[in-house]
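Any value given below was found using the heavy atoms of this structure, including those in side chains, with hydrogens, waters and symmetry copies removed. Numbered from 1 within each chain, the chains take letters A, B, ... in sequence-line order.
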Number of protein chains: 2
Amino acid sequence: MEFNQLYMFSKACEYGIRASIFIATKSSEGVRVGIKDVSKEIDSPEPFTAKIMQILTKNGIIASAKGVGGGFEVSKEAVKSIKLIQIVDAIDGNTIYKGCGIGLKECSETHPCPVHNEFKKIRELLLTMLTNTTLEELASGVNSGDFHLKILNKNE
Amino acid sequence: MEFNQLYMFSKACEYGIRASIFIATKSSEGVRVGIKDVSKEIDSPEPFTAKIMQILTKNGIIASAKGVGGGFEVSKEAVKSIKLIQIVDAIDGNTIYKGCGIGLKECSETHPCPVHNEFKKIRELLLTMLTNTTLEELASGVNSGDFHLKILNKNE
DNA sequence: TTAATTAAAGATAAATTTGTCTTTTAATAT
DNA sequence: ATATTAAAAGACAAATTTATCTTTAATTAA
């Protein structure tokens with residue numbers, strides 16, 4: 001019925017976040033995972049996910065190793081320090097929480113657009129949340145079974 | 001540097017909001033405006049903006065009249081009752097504030113994704129803001145000169 | 001009634017995002 | 001060294017969003 005179907009993040013970013021969380025959960029078990037396992041677990045197209053992984057590794061969010069026994073991982077130190085905002089910035093940029101709500105080139109406190117003040121709190125809350133949320137807390141929530149990356153089967 | 005460049009709303013929605021506000025300001029002066037004036041004022045592509053206007057008129061947000069002296073307008077009653085959420089829903093749908101933050105099909109209080117609680121407040125705030133913001137307050141802010149739809153020239 | 005005006009509708013095209021496939025590079029195991 | 005494994009890189013294709021163009025329908029003015 002509507003013209004578009006817009007989510008908070010792009011598909012690429014959704015895959016990136018889900019992949020990062022899954023890899024982090026596996027790294028906490030000391031296991032590297034290949035792209036095949038990643039895309040299978042997070043239910044995403046494998047080649048496209050591979051592209052996203054390249055961005056994440058280039059940005060130092062995920063580490064990768066080629067060859068036998070290779071795959072993706074997040075180090076014990078990295079998983080603590082990496083924030084959600086790093087993943088979002090690398091894939092979708094910062095315009096979701098920095099840009100003007102209605103797309104004006106110039107929009108600031110001194111020259112605000114009509115929705116500037118209405119969006120202020122939302123932008124701030126989004127920025128704060130992304131800045132404060134660590135990959136570790138997201139991964140540990142999945143590890144503990146409190147949060148999910150996919151729909152559970154009946155027998156799980 | 002980043003992979004995408006994602007804003008809060010689609011271009012279509014940005015144009016739709018800007019157009020609605022501009023038309024409302026003109027309607028408060030009792031003046032109908034044509035698509036040419038609209039796209040010129042809000043700095044948007046004319047034919048594409050025309051498409052967006054069709055969506056807004058179909059959804060009863062903007063009224064239109066064909067022929068000489070025709071154009072777009074918002075009635076005095078409508079401008080008071082129309083909320084930002086109606087424009088967003090008509091163009092971008094409700095997924096920005098209803099959908100899962102990382103795109104899971106199933107994501108709820110009983111089966112939450114890892115970022116479910118983090119996104120909760122943001123979704124709620126966004127929904128509240130969109131639901132409470134009227135076209136009238138946005139338009140009157142522009143009328144009073146407090147808020148802007150475009151960059152001012154030196155001599156204005 | 002005819003001409004002029006303006007939005008609506010439909011077809012088409014460009015740009016961007018998403019998704020796929022093939023080749024290359026790097027690491028490990030034998 | 002050679003074969004195998006797995007990510008990186010690059011080329012390509014499909015889908016979606018954005019943008020344009022043309023024709024039609026409705027309204028007003030003469």
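- Considering only side-chain atoms of B:P45, the nucleotide from D:dA8, C:dT20, D:dA19 that sits closest is D:dA19.
- Taking only side-chain atoms of A:V68, from C-beta outward, the nucleotide of C:dT20, C:dT28, C:dT18 with the closest atom is C:dT28.
- Nucleic acid contact class of B:A50 (heavy atoms, under 4.0 Å, all strands): none.
- At a threshold of 4.0 Å, the pair B:K121-B:E124 does not count as salt-bridged, since none of the basic side-chain nitrogens sits closer than that to a carboxylate oxygen.
- Taking the six-membered ring for Trp and thresholds of 30 and 60 degrees, B:F9 and A:F119 have ring planes more than 60 degrees apart, a perpendicular arrangement.
- Each side-chain hydrogen bond (donor to acceptor under 3.5 Å, both in side chains) pair with one or both residues in residues 32-43 of chain A, not counting sequence neighbours, appears once here: A:R32-A:E73.
- Atom pair B:I52:CD1 and D:dT18:P shows a separation of 8 Å (rounding to whole Å applied).
- The distance from atom CG of A:L56 to atom P of D:dA8 is 10 Å, rounded to the nearest whole Å.
- Following rounding to the nearest Å, B:Q5 (CD) and D:dT17 (P) show an atom-to-atom distance of 18 Å.
- DNA chain D is contacted by A:V33, A:G34, A:I35 of residues 11-43 of chain A, taking any non-hydrogen atom closer than 4.0 Å.
- Taking 3.5 Å as the limit, the base of C:dA9 and the side chain of B:Q54 contain a donor-acceptor pair of atoms between them.
- Between B:T57 and the phosphate of C:dA7, there is no side-chain N or O to OP1/OP2 separation shorter than 4.0 Å.
- D:dT16 atom P lies 16 Å from atom CG of B:D92, rounded to whole Å.
- Taking 4.5 Å as the limit, some side-chain heavy atom of B:L104 sits within range of a side-chain heavy atom of A:R18.
- Listed nucleotides: C:dT20, D:dT18, C:dA8. Nearest to the side chain of A:F3: D:dT18.
- In this structure, A:N4 atom CG and D:dA15 atom P are separated by 18 Å, rounded to whole Å.
- For A:K66, whose side chain is taken as the heavy atoms from C-beta onward, the closest listed nucleotide among C:dA26, C:dA8, C:dT20 is C:dA26.
- Protein atom CE of B:M53 is 8 Å distant from nucleotide atom P of C:dA8, rounded to whole Å.
- OP1 or OP2 of D:dA8 sits under 4.0 Å from a side-chain N or O of A:S64.
- Where B:G70 and B:P47 each meet DNA chain D at their nearest nucleotide, the meeting point lying more 5' is that of B:P47.
- With rounding to whole Å, B:E73 atom CD is found 15 Å from C:dT6 atom P.
- Within 3.5 Å, no donor on the side chain of B:E46 pairs with an acceptor on the base of D:dA19, nor the reverse.
- Closest to the A:F48 side chain, of the nucleotides C:dG19, D:dA11, C:dA8, is C:dG19.
- Using cut-offs of 30° and 60° for the angle between ring planes, the B:Y15 and B:F48 rings count as perpendicular.
- Under the 3.5 Å distance criterion, with hydrogens and angles disregarded, a donor-acceptor pair is assigned to the side chains of B:Y97 and B:D89.
- Between the side chains of B:T57 and B:S64, no donor-acceptor pair is found at a separation under 3.5 Å.
- The closest side-chain heavy-atom distance from A:H116 to B:H148 is not below 4.5 Å.
- Atom pair B:K51:NZ and D:dA19:P shows a separation of 14 Å (rounding to whole Å applied).
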